[in-house]
Amino acid sequence: MKEKIWLSSPHMGGAEQQYIKEAFDANWIAPLGPNVNGFENDLEEYLSEEVSVAALSAGTAAIHLALVLLGVEKGDEVICQSFTFSASANPIMYQGAVPIFIDSERDTWNMDPELLEQAIKEGIARGKKPKAIIPVHLYGMPYKVTAIHEIAKRYDIPVIEDSAEALGSTYKGLKCGTFGDIGILSFNGNKIITTSGGGAIVSKDPKVKEKAVFLATQARDNAPHYQHSEVGYNYRMSNITAGIGRGQMKVLDKHVALRQANFEFYKEALSGCKGFEFLENPKDAISNRWLSCILTDSFKTREAIRLALLDENIESRPLWKPMHLQPVFKDMKAYTNGVSEDLFDRGLCIPSGSNLTNKDRDRVVSAIKKVTDETKAVS
Ligand SMILES: *Cc1c(COP(=O)(O)O)cnc(C)c1O
């Protein structure tokens, strides 16, 4: 069996273990401590001097807390991008609220502003103004920030910016994660940097951080005994995992550049193959290229390539299956235009880790080319 090539695997920089050792030496083995504060400071410095960051146990927990902080309750409606990972939408269900899914546009593969506005207008007409909007920078490609936020502002609806896949991406020179009323990040094992598992809430309002930390640590009132006036959560990041995060921050820019180089490599190497499309950066946006995606000419080609890669022990994955096609969300309202369904049919994520070697990438390309050569030979 040939050596496995993963879609996106953890890539340590080297400094991580030192921070973990410090935590052990000081016996800070807890969901708070100097690494948590240090990691938050590093993220704030990286993103923008205007934001405060609260480090949490997962990106999913961050979205859940964001909904709680915005007062989303049972029966409320929340607008969510359909073309995404289920973790964007699941927390809406945790609150007993109702997701309304919005399809994508072609330029960024993210939330279509026209469908968004239609959904808001119809919601208001039904007497149900949406409580929040969750757009996603999918695969690291920034959504149409200006258009989406202009609409949100016009109707006075807060935005939870799902930047789980977009740490290091920029829009008009500003970092993704900083545009929402609340932004969220993920440090899961497959993300651009990882703490093994973790997430964060980002906000320009320091009170959001304060309240997020309060809720994430069981909502304890200020008293010598345990007293609670609100329902709390156990969502804080641990001082051990935050140590990994501090080490990863030292290599974040390098990892973004390496992922972007993967994308450019594939684009160049497959430029001679007909029927392949790559999503270019639109004006104003720079993707971190968390995952390199190719669009083939058909579902059939996409499956042939996926299976040919599997045969070579190379992991690949169809693009996200839209939420409006998921069995769990089948009864939810959706505003669709066929775009995300088409992307799901024809698109494939190929190995994208910052730790890929040239040899790995050559293996990926030659496995793909074998399929396209065969189709040429047949037709
Ligand atoms: C990974 C991811 C999340 C959830 O983050 P976790 O840290 O895995 O809980 C949310 N949204 C998107 C788009 C993601 O890719």
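Atoms within a ligand are numbered from 1 in the order they appear, just like the ligands themselves.
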Check: L43 and M249 side chains under 4.5 Å, non-hydrogen atoms: yes
Looking only at N/O atoms, are K191 and ligand 1 under 3.5 Å apart anywhere? yes
Does one side chain, of Q95 or H64, offer a donor that lies under 3.5 Å from an acceptor on the other? yes
Without hydrogens or angle criteria, can the side chains of D221 and S229 be said to hold a donor-acceptor pair below 3.5 Å? yes
Among A200, G199, G59, A164, closest by any non-hydrogen atom to atom 12 (C) of ligand 1: A164
Where on N190 is there a heavy atom closer than 4.0 Å to ligand 1, on the side chain, on the backbone, on both, or on neither? neither
Counting each atom of ligand 1 from 1 as listed, which ones have a heavy atom of V136 under 4.0 Å away? 13 (C)
Which residue and heavy atom of the protein sit nearest atom 5 (O) of ligand 1, plus the separation: S186 OG, 3.2 Å
May I ask you to list the atoms of ligand 1 that are less than 4.0 angstrom from any heavy atom of S88? 11 (N), 13 (C)
Atoms in ligand 1 with a heavy atom of A87 nearer than 4.0 Å: 3 (C), 4 (C), 10 (C)
Give the residue, atom name and distance (to 0.1 Å) of the protein heavy atom nearest atom 11 (N) of ligand 1. D162 OD2, 2.8 Å
Distance from atom 8 (O) of ligand 1 to nearest protein heavy atom, with residue and atom: N188 ND2, 3.0 Å
For E165 and ligand 1, does the shortest N/O to N/O distance drop below 3.5 Å? yes
Taking only heavy atoms of T60, which atoms of ligand 1 are found under 4.0 Å from at least one of them? 4 (C), 5 (O), 6 (P), 9 (O)
Regarding S9 and N355, do their side chains bring together a donor and an acceptor under 3.5 Å, going by distance alone? yes
For ligand 1, note which part of T84 has a heavy atom under 4.0 Å away: side chain, backbone, both or neither. side chain
Pair Q81, Y143: side-chain N/O donor-acceptor within cut-off below 3.5 Å: no
When you measure from the heavy atoms of G198 to every atom of ligand 1, does any distance fall below 4.0 Å? yes
Is the closest basic N to carboxylate O distance between K209 and E40 below 4.0 Å? yes
Go through the side-chain N and O atoms of Y335 and E122 and say whether any donor and acceptor fall under 3.5 Å apart. yes
Quick check: F39 with F187 (ring centres under 6.0 Å apart)? yes
Can you find a heavy atom in the side chain of N35 that is under 4.5 Å from one in the side chain of M237? no
